[in-house]
Number of protein chains: 2
Amino acid sequence: MKQITKHVIRNDLKRLFTYRICLIGFKRKGFDRIYSHDLGEEAGVTADQVRKDFSVYKMKGNKKGGYIITDLLNAIDEIFKYQNNQYVILVGMGNIGQALVQYKRFILRKMIIVASFDINPSKQSKRFGIPVLPMSMMREIIDKFHVNVAILAVPEISAQDATNKLIDSGIIGILNFAPVILKVPDEVIVSNINLCDELESVIYYTQKVM
Amino acid sequence: MKQITKHVIRNDLKRLFTYRICLIGFKRKGFDRIYSHDLGEEAGVTADQVRKDFSVYKMKGNKKGGYIITDLLNAIDEIFKYQNNQYVILVGMGNIGQALVQYKRFILRKMIIVASFDINPSKQSKRFGIPVLPMSMMREIIDKFHVNVAILAVPEISAQDATNKLIDSGIIGILNFAPVILKVPDEVIVSNINLCDELESVIYYTQKVM
DNA sequence: CATGTTTTGTGATTTGTTTCACATTAAAAA
DNA sequence: TTTTTAATGTGAAACAAATCACAAAACATG
Ligand SMILES: NC(=O)c1ccc[n+]([C@@H]2O[C@H](COP(=O)([O-])OP(=O)(O)OC[C@H]3O[C@@H](n4cnc5c(N)ncnc54)[C@H](O)[C@@H]3O)[C@@H](O)[C@H]2O)c1
Ligand SMILES: NC(=O)c1ccc[n+]([C@@H]2O[C@H](COP(=O)([O-])OP(=O)(O)OC[C@H]3O[C@@H](n4cnc5c(N)ncnc54)[C@H](O)[C@@H]3O)[C@@H](O)[C@H]2O)c1
């Protein structure tokens, strides 16, 4: 077990995701070229930052002519290896879990929730488009679909237990919604979503402004 | 309208939130003092970082004796001004909106969703513990409860429209779940939650590991 | 009461990220 | 064809964040 749980997603990678969303938007509007300036405005960063990011990943544009959108999208896809669907599982079919399994955009981005798990048998009988299974079936599903990543949406009190079971079953990446710092081995990636913190931050900053 | 939408929550502030969660946990377990080392382990950062953060905000501990947990919690509360309840509204009572209005932890942290809004009249008749109102009542509620901050959970296509209406009605902080960069005036704070990006990042990092 | 140990507190240093400045290039205009 | 303009590309500089190193304090021990 590691002492320091790193769950930091590099900022430039986050920006690449943003760029991709913006680029898809521009493409849909009929553009096939884009200037760093315009992409920056849309993505909420400076043009310098855009060019620097592209420079780091060796994406080339045309002096005076801007960047070709499909080239950029291909390059980004290459960085993130988007050939195949990525299968994930979800644990905890409560309020937030049920919202997530119905989120269409995951599928658009080739991330498929193949099954969800819950200790509560009454959840297991409900229909959400994907099967809701007992915890005992976790390993079987993980092996069958070669799942590496899980979304964790169980109550705080159960989060570490569920994490242990996930790691035991072969999971090496967790998107964690419980406001808890999970103890995991070095090689496991954890990314924490803490909506209270986010909302509180916004409140904090609005009060600074006034 | 500003070109560069900054919606960055400073890193040390985020850590303060984490520290608070951990400190509350320690307190509940019966501790009243804590060493930077132990807090760091729980919070997933180094002991150095903990001490540095506290040093910046002038929170003092006792050489050899560690920090007094209630002192730290009071100091953090002071930084974030936690005397009063903070009222917020939510727009878009779809899958994610419904999960959020039922999230108890917001209330624990004194953030109260006083009302939600939806264009769909069929949502307006449903019961979720808080009223679901038509968009036309937004200004009235914002004024009545002195609301500054909104949670935005409408489809991407409606996000900018809804944002304009929110800002028009006096909102100056938005927690945005739509995967869209919102155009807002300089003084408005936007914090974007992009769950696709987060999940994709985790997948990306797990594939790097292998 | 001196000595050793543990822990805080913080300036100095290192590392990482963003911005700046400008050379380079390609297209458009003269 | 030459000049001007508008863009990219990237090393250097500035800035920000994290880590290091160690002095200072407090307590424990003999
Ligand atoms: N509701 C929200 O909007 C929201 C927002 C942010 C974070 N969260 C966090 O997400 C988590 C879930 O929140 P929720 O509101 O959906 O809670 P919930 O109580 O509605 O759902 C939790 C689900 O997890 C299941 N569960 C409990 N222990 C389990 C275990 N050990 N293994 C498998 N399943 C288990 C329960 O049966 C239940 O279906 C919590 O940690 C919460 O803090 C929720
Ligand atoms: N479902 C998820 O788990 C999830 C996860 C992350 C992000 N999101 C994002 O959150 C947003 C909502 O997702 P969802 O799954 O809840 O969608 P949804 O379709 O279930 O709900 C959207 C709700 O917004 C209402 N609405 C539409 N236009 C409106 C407007 N102009 N003003 C007020 N209300 C309006 C609709 O009536 C509906 O009730 C989307 O942008 C989505 O990308 C959803």
Side-chain angles (χ1 to χ4, degrees), chain A residues 2-19 22-23 26 31-73 75-76 79 181 201 205, chain B residues 2-19 22-23 26 31-73 75-76 79 201 205 208:
Chain A
K2 72 171 143 185
Q3 269 67 21
I4 309 302
T5 312
K6 279 276 174 218
H7 43 79
V8 183
I9 307 303
R10 254 167 49 218
N11 264 291
D12 55 341
L13 288 181
K14 279 217 175 149
R15 284 197 301 272
L16 285 187
F17 290 129
T18 308
Y19 297 151
C22 297
L23 290 168
F26 279 114
F31 294 94
D32 23 87
R33 283 159 172 281
I34 186 85
Y35 299 136
S36 58
H37 176 79
D38 295 327
L39 179 55
E41 171 150 336
E42 192 71 13
V45 301
T46 63
D48 287 348
Q49 182 77 79
V50 171
R51 292 206 306 283
K52 189 76 179 186
D53 286 337
F54 289 171
S55 165
V56 166
Y57 289 101
K58 304 274 180 283
M59 301 180 208
K60 303 284 177 185
N62 309 283
K63 306 244 152 129
K64 191 96 199 243
Y67 297 85
I68 295 171
I69 291 178
T70 42
D71 285 1
L72 291 175
L73 285 171
I76 294 174
I79 292 167
I181 307 295
S201 299
Y205 279 103
Chain B
K2 71 172 144 187
Q3 270 65 20
I4 309 304
T5 311
K6 277 280 173 216
H7 42 80
V8 183
I9 307 304
R10 255 169 42 221
N11 263 289
D12 54 343
L13 289 182
K14 278 220 174 146
R15 284 197 301 270
L16 285 186
F17 289 128
T18 308
Y19 297 151
C22 296
L23 290 168
F26 278 115
F31 295 93
D32 25 85
R33 283 159 172 280
I34 186 85
Y35 298 136
S36 59
H37 176 81
D38 294 328
L39 179 55
E41 171 148 338
E42 192 69 13
V45 302
T46 63
D48 288 348
Q49 182 77 79
V50 171
R51 292 206 305 284
K52 189 79 183 187
D53 286 337
F54 289 171
S55 167
V56 166
Y57 289 100
K58 304 275 179 282
M59 302 180 206
K60 303 284 176 186
N62 308 283
K63 308 244 153 134
K64 189 99 199 238
Y67 298 84
I68 295 171
I69 290 178
T70 43
D71 285 0
L72 291 175
L73 285 171
I76 294 174
I79 293 167
S201 299
Y205 279 103
K208 287 275 124 164

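Chain naming here is simple, since letters A, B, ... match the order of the sequence lines and numbering starts at 1 in each. Computed from a predicted model, the values in this text were never measured in an experiment.
Taking the side-chain contact (heavy atoms from CB on, under 4.5 Å) definition, one finds that A:D48 meets it with A:T46, A:R51, sequence neighbours left out. Listed by chain and number, the residues in a ring pair (Phe, Tyr, Trp, His ring centres under 6.0 Å) with B:F31 are B:F26 (sequence neighbours excluded). For B:N62, the side-chain contact (heavy atoms from CB on, under 4.5 Å) partners are B:R33, B:I68, not counting sequence neighbours. Take A:S55 and apply the side-chain contact (heavy atoms from CB on, under 4.5 Å) test, not counting sequence neighbours, and it matches no residue.
We find that CG of B:L13 is positioned 13 Å from C1' of D:dA17, with the value rounded to whole Å. Distance B:E41 CD to C:dT7 P: 13 Å, rounded to the nearest Å. Note: CG (B:D12) to C1' (D:dT19) measures 16 Å, nearest angstrom. Taking atom CG of A:D53 as the reference point, atom P of C:dT18 lies 8 Å away to the nearest angstrom. In this structure, NE2 of A:H37 is placed 18 Å from P of D:dT5, rounded to the nearest angstrom. Between the CG atom of A:L39 and the C1' atom of D:dA7 there is a distance of 14 Å, rounded to whole Å. Rounded to a whole Å, the CG atom of B:D38 is 14 Å from the C1' atom of C:dT8. Put simply, CG on B:D48 is 15 Å from P on C:dT15, counting in whole angstrom units.
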Strictly under 3.5 Å: I want the nitrogen or oxygen pairs between protein and nucleotides 25-27 of chain D, one per line.
from, atom 1, to, atom 2, distance (Å)
D:dA26, O4', B:K63, O, 3.3

Dump every N/O contact between nucleotides 11-14 of chain D and the protein below 3.5 Å, one line per pair.
from, atom 1, to, atom 2, distance (Å)
D:dG11, N7, A:K52, NZ, 3.2
D:dG11, O6, A:K52, NZ, 3.3

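Residue B:Y67 places at least one side-chain N or O under 4.0 Å from the OP1 or OP2 atom of C:dG9. Put simply, B:Q49 has no side-chain N or O that comes within less than 4.0 Å of OP1 or OP2 on D:dA17.
Put simply, the side chain of A:Y57 reaches to within 4.5 Å of the side chain of A:L13, judged on heavy atoms. At a threshold of 4.5 Å between non-hydrogen side-chain atoms, the residues A:D32 and A:T70 do not count as touching.
Of the residues in residues 54-61 of chain B, none lies under 4.0 Å from DNA chain D by heavy-atom distance.
When heavy atoms are screened at a 4.0 angstrom cut-off, B:R15 is found touching the sugar-phosphate backbone but no base atom.
Summarising the geometry of A:M59 relative to A:L72, their closest heavy-atom pair is SD-CD2, 3.8 Å, with the distance given to 0.1 Å.
Summarising the geometry, atom CD1 belonging to A:I69 is positioned 5.0 Å from atom CD1 belonging to A:I34; distances are rounded to the nearest 0.5 Å. Interatomic distance, A:L39 CG to A:T18 OG1, rounded to the nearest 0.5 Å: 9.5 Å. Expressed to the nearest 0.5 Å, how far SG of B:C22 lies from CD of B:E41 amounts to 10.5 Å. Considering CZ of A:F54 and CD1 of A:I76, their distance stands at 5.5 Å, rounded to 0.5 Å.
For the salt bridge (charged side-chain N to carboxylate O under 4.0 Å, His left out) condition, the pairs that include at least one residue of residues 53-65 of chain A, sequence neighbours left out, are A:R15-A:D53.
Among the nucleotides C:dT19, D:dA21, D:dG9, the one closest to any side-chain atom of A:R51 is D:dG9.
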